[in-house]
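Notes follow once the structure below has been shown.
Computation of the quantities below employed the complete heavy-atom set of this structure, encompassing side-chain atoms and omitting hydrogens, waters and symmetry-equivalent molecules. Bear in mind that the values here come from a model prediction, so they are computed numbers and not experimental data.
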Amino acid sequence: QVHLVESGGGVVQVGGSLRLSCAASRATYSANAMSWHRQAPGKERELVAEHTTIPNSGDNTKYADSVKGRFTISRDNAKNTVYMQMNSLKPEDTDVYYCNLKSPVVDGWGQGTLVTVTA
């Protein structure tokens, strides 16, 4: 297993920005996918953004339609950390956000960080 710890959540106003981070307990694998999901009370966890690394084939990113153009996922290999920059936040972005690391060997989840967007 790998342990993932999210941070950076908080309360922001509509239109504001927030940067989430997720630190892994050890170095990430060369071929893997790191992603951010969110889950509101009473709802299922949904994919928000995904970053896939394939050696010698480049990196790919995917976003949910609801966050395209507003959220950006990125990785810092030196810190074993994945980030998600969130801009132009809306009330419907209010959720608990979770990070995930998946590889041929690992499938791990963080404990979540709460994002609240107010008017």
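Under a hydrophobic clustering in which Ile, Leu, Val, Met, Phe, Trp and Tyr are joined whenever their side-chain heavy atoms come within less than 4.5 Å, directly or via other members, Tyr97 and Tyr63 fall into the same cluster. Hydrophobic clustering of Ile, Leu, Val, Met, Phe, Trp and Tyr side chains at less than 4.5 Å, counting indirect connections, unites Val106 with Met34. Residues Val48 and Trp109 do not share a hydrophobic cluster, clusters being chains of Ile/Leu/Val/Met/Phe/Trp/Tyr side chains in contact below 4.5 Å. Hydrophobic clustering keeps Val11 apart from Leu20 (ILVMFWY residues linked when any side-chain heavy atoms are closer than 4.5 Å, directly or through intermediates).
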request  = Kindly indicate, with the supporting measurements, whether the criterion side chain to side chain donor-acceptor pair (under 3.5 Å) is fulfilled by Thr81 and Ser21.
outcome  = CA-CA 7 Å; Thr81 300; Ser21 64; over 6 Å; no
message = Go through it in stages, so that I can follow the logic: the residues are Leu47 and Ser35, the test is side chain to side chain contact (heavy atoms under 4.5 Å, CB included), and I'd like the CA-CA distance, side-chain angles, deciding distance and then a yes or no.
response = CA-CA 7 Å; Leu47 176 67; Ser35 60; 3.8 Å; yes
ask   = Where do Leu89 and Leu18 land on the side chain to side chain contact (heavy atoms under 4.5 Å, CB included) test, with the steps shown first?
value = CA-CA 8 Å; Leu89 285 163; Leu18 207 59; 4.0 Å; yes
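Atom CD1 in Ile73 sits 7.5 Å away from atom CD in Glu50 (nearest 0.5 Å).
Residues Ser17 and Asn87 approach most closely at OG-OD1, 2.9 Å, considering heavy atoms. Nearest heavy-atom pair, Gln111 versus Leu4, reported as atom, atom and distance to 0.1 Å: OE1-O, 3.5 Å. Between Gly9 and Val115 the shortest heavy-atom distance is CA-CG2, 4.2 Å. The shortest non-hydrogen separation linking Glu6 to Cys99 is OE2-N, 2.8 Å. Scanning all heavy atoms of the two residues, the minimum distance from Gly112 to Val96 falls at CA-CG1, 3.9 Å. Of all the heavy atoms in Tyr98 and Gly110, the pair that sits closest is CD2-O, 3.6 Å.
Annotation: salt bridge (Lys or Arg N to Asp or Glu O under 4.0 Å) contacts of Asp59 (sequence neighbours excluded): none. Remark: Asp93 pairs with Arg38, Arg70 by the salt bridge (Lys or Arg N to Asp or Glu O under 4.0 Å) rule, at least two apart or across chains. For Ala64, the side-chain contact (heavy atoms from CB on, under 4.5 Å) partners at least two apart in sequence or on another chain are Ser66, Val67.
Using a 4.5 Å cut-off on side-chain heavy atoms (C-beta onward), Val2 and Val105 make no contact.
With hydrogens and angles disregarded, a donor-acceptor distance shorter than 3.5 Å links the side chain of Asp95 to the backbone of Ala40. No side-chain donor-acceptor contact under 3.5 Å links Asp76 to the backbone of Val82. Ser88 contributes no side-chain N or O that, together with a main-chain N or O of Gly15, makes up a donor-acceptor pair within less than 3.5 Å.
Remark: aromatic rings of Trp36 and His51 are distant, center separation not under 6.0 Å.
Other residues, nucleotides and ligands contribute more than 12 heavy atoms inside 6.0 Å of the CD atom of Glu92.
A cation-pi arrangement is absent between Arg75 and Tyr83, since the terminal nitrogen or guanidinium carbon is not both under 6.0 Å from the aromatic centre and inside a 45° cone about the axis.
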